[in-house]
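What follows is a set of notes on a single structure, which appears directly below.
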2 protein chains.
Amino acid sequence: MRDLKREATREALAKAAFELTRERGLSGFVTADVVERAGYSRRTFGNHFSCKEEAVASVAFGGVDDASAILAGLPADLPLLDVLLAVMKTQFTTDALVRMRELMAMARRYPTLEPHVLGVQQRMRHTAQELLGSVAGDRYPTVYVPLLFGAVYGAVMAALEGTLDVDLGGEYDPSPASMDYSSFLDITFDYLRHGF
Amino acid sequence: MRDLKREATREALAKAAFELTRERGLSGFVTADVVERAGYSRRTFGNHFSCKEEAVASVAFGGVDDASAILAGLPADLPLLDVLLAVMKTQFTTDALVRMRELMAMARRYPTLEPHVLGVQQRMRHTAQELLGSVAGDRYPTVYVPLLFGAVYGAVMAALEGTLDVDLGGEYDPSPASMDYSSFLDITFDYLRHGF
DNA sequence: GCATCGATGTGCACATTGGGCAATTTTGCT
DNA sequence: AGCAAAATTGCCCAATGTGCACATCGATGC
């Protein structure tokens, strides 16, 4: 229950930082502005994040939350490829992707942000990959899981980046109109299933 | 020739920062130490990097250097999958991977380093992907290239991370003894060719 | 219910850093 | 040699990171 409190502060700070970036741009405010908006002290900010960028980026970390919930609904002997497809459809919801996409768009404006965005992506990848690994058990060779997951994750991120390229020039478009996530996943998994 | 000079300074600074990290740890030195070792001013350091971490991470950026050299040796109508395999074997040499691996090991010790390591990986990915895209032309559907490349790159990185996990506990081992890069690529591409 | 303990938020102090500005040196070109 | 562009430098100061001591709150045991 204590962790909830801590998480709340963290999220409040992150959210404030994120909104300020939207409003004034990354260099248009200082950490003091963030903590003022969220109602905390500058020192507390430092306890949670090491810099503005880290705070801003951390909003996109939609945790892979309830492992058991997903696994419960799946047959234990379902091929790993199908398990992964299910995970990608339920866990990486379009909501999470929209947030992530806006963040990636921000990172293009403010280059110092990019490393931290990548950091968040990395953490999400790890959590999801561990989840997948626990389902795989020893049905597959050891390289299989990281290989497969790396492929899917890389593909999704590459595609997400692609949607940023298409509507370049103007302000970024917060909604990824240019990407139909579900059918993209189908195409991806079709390639993975039958070969490139 | 001017760019060479600039690159030289940049590399000198990066190298100094990297070595200092090896010797004293990331928090065991300040930017002043770096510039002193490399023979530049503190202000110049700021012209090239925005922080210590960025400098340290940038050593692993082994540029994808001579596109024409690789393409010249390949038939123009070679399937993209084989082109990519060739690129991965020639461009991502084991040397570059060893450096990258040491950096990734450092990132485990010093978490603030990780985002910047990922930043370098991202830049490398972009350069290589553009190279691949120029070869692909319009032989394939638009999603094909980013999808394929994302898959391969993700897989390689996941595998590289895997070699860090196996010999955990002691100091890290600078040589990736636990990974045979070439045969790993073969396995990877076999999966990609015929499906998972 | 109350005491204790560990973890979280806070205030303060200070070294480190990032980056604007102008001056100075170096480089590329003619 | 001479000129323009670019790289490096020094100076300066606001912003940042972080150690320390302290207050506060939740949890655990009596």
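Chain naming here is simple, since letters A, B, ... match the order of the sequence lines and numbering starts at 1 in each.
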* Whole angstrom is fine here: how far is it from CZ in Phe29(A) over to C1' in dA14(D)? => 16 Å
* Asked: dT9(D) P sits how many Å from Lys5(B) NZ, rounded?
  -> 10 Å
* Nearest to the side chain of His48(A) - dT18(D), dG9(C), dA15(D)? -> dG9(C)
* Measure from CG on Leu4(B) to C1' on dG28(C) and round the result to the nearest Å. => 13 Å
* Consider the side chain of Lys52(B), meaning its heavy atoms from C-beta on, and name the nucleotide among dG10(D), dT8(D), dT17(C) that approaches it most closely. => dT17(C)
* Would Lys52(B) count as a cation-pi partner of Phe45(B), with NZ or CZ less than 6.0 Å from the six-membered ring centre and within 45° of the ring normal? -> no
* Asked: Over how many whole Å does the gap from Arg10(B) atom CZ to dA6(D) atom P extend?
  -> 18 Å
* To do: Take the protein atom CG of Asn47(B) and the nucleotide atom C1' of dG20(C), then report the distance between them rounded to whole Å.
  => 11 Å
* Asked: Does Thr44(A) have a side-chain nitrogen or oxygen under 4.0 Å from the phosphate oxygens OP1 or OP2 of dT10(C)?
  -> yes
* Could you check whether Arg6(B) gets within reach of a base, just the sugar-phosphate, or nothing at all, counting any heavy atom under 4.0 Å? => sugar-phosphate
* Please report, rounded to the nearest Å, how far the P atom of dG9(C) is from the CG atom of Asp3(A). => 11 Å
* Structure fact -> Atom CD of Glu36(A) and atom P of dG11(C) are separated, to the nearest Å, by 14 Å
* Asked: For Phe49(A) and dA15(D), what is the distance between atoms CZ and C1' respectively, to the nearest whole Å?
  -> 18 Å
* Would you tell me if any nitrogen or oxygen in the side chain of Thr31(B) comes within less than 4.0 Å of OP1 or OP2 on dT17(C)? => yes
* To do: Would you confirm whether Tyr153(B), through its side chain, and Gln122(B), through its main-chain N or O, come within 3.5 Å as a donor-acceptor pair?
  => no
* To do: Return the orientation label for the Tyr144(B) and Phe196(A) ring planes: parallel under 30°, perpendicular over 60°, tilted otherwise.
  => perpendicular
* Asked: Checking Tyr110(B) side chain against Glu53(B) main chain: does a donor-acceptor pair fall under 3.5 Å?
  -> no
* Asked: Of the nucleotides dC12(D), dG9(C), dT16(C), which one has an atom closest to the side chain of Arg42(B)?
  -> dC12(D)
* Select one nucleotide: of dG19(D), dG17(D), dA15(D), the one nearest the side-chain heavy atoms of Arg43(A). => dG19(D)
* Asked: Going by atom types only, do His48(A) and Glu54(A) share a side-chain donor-acceptor pair under 3.5 Å?
  -> no
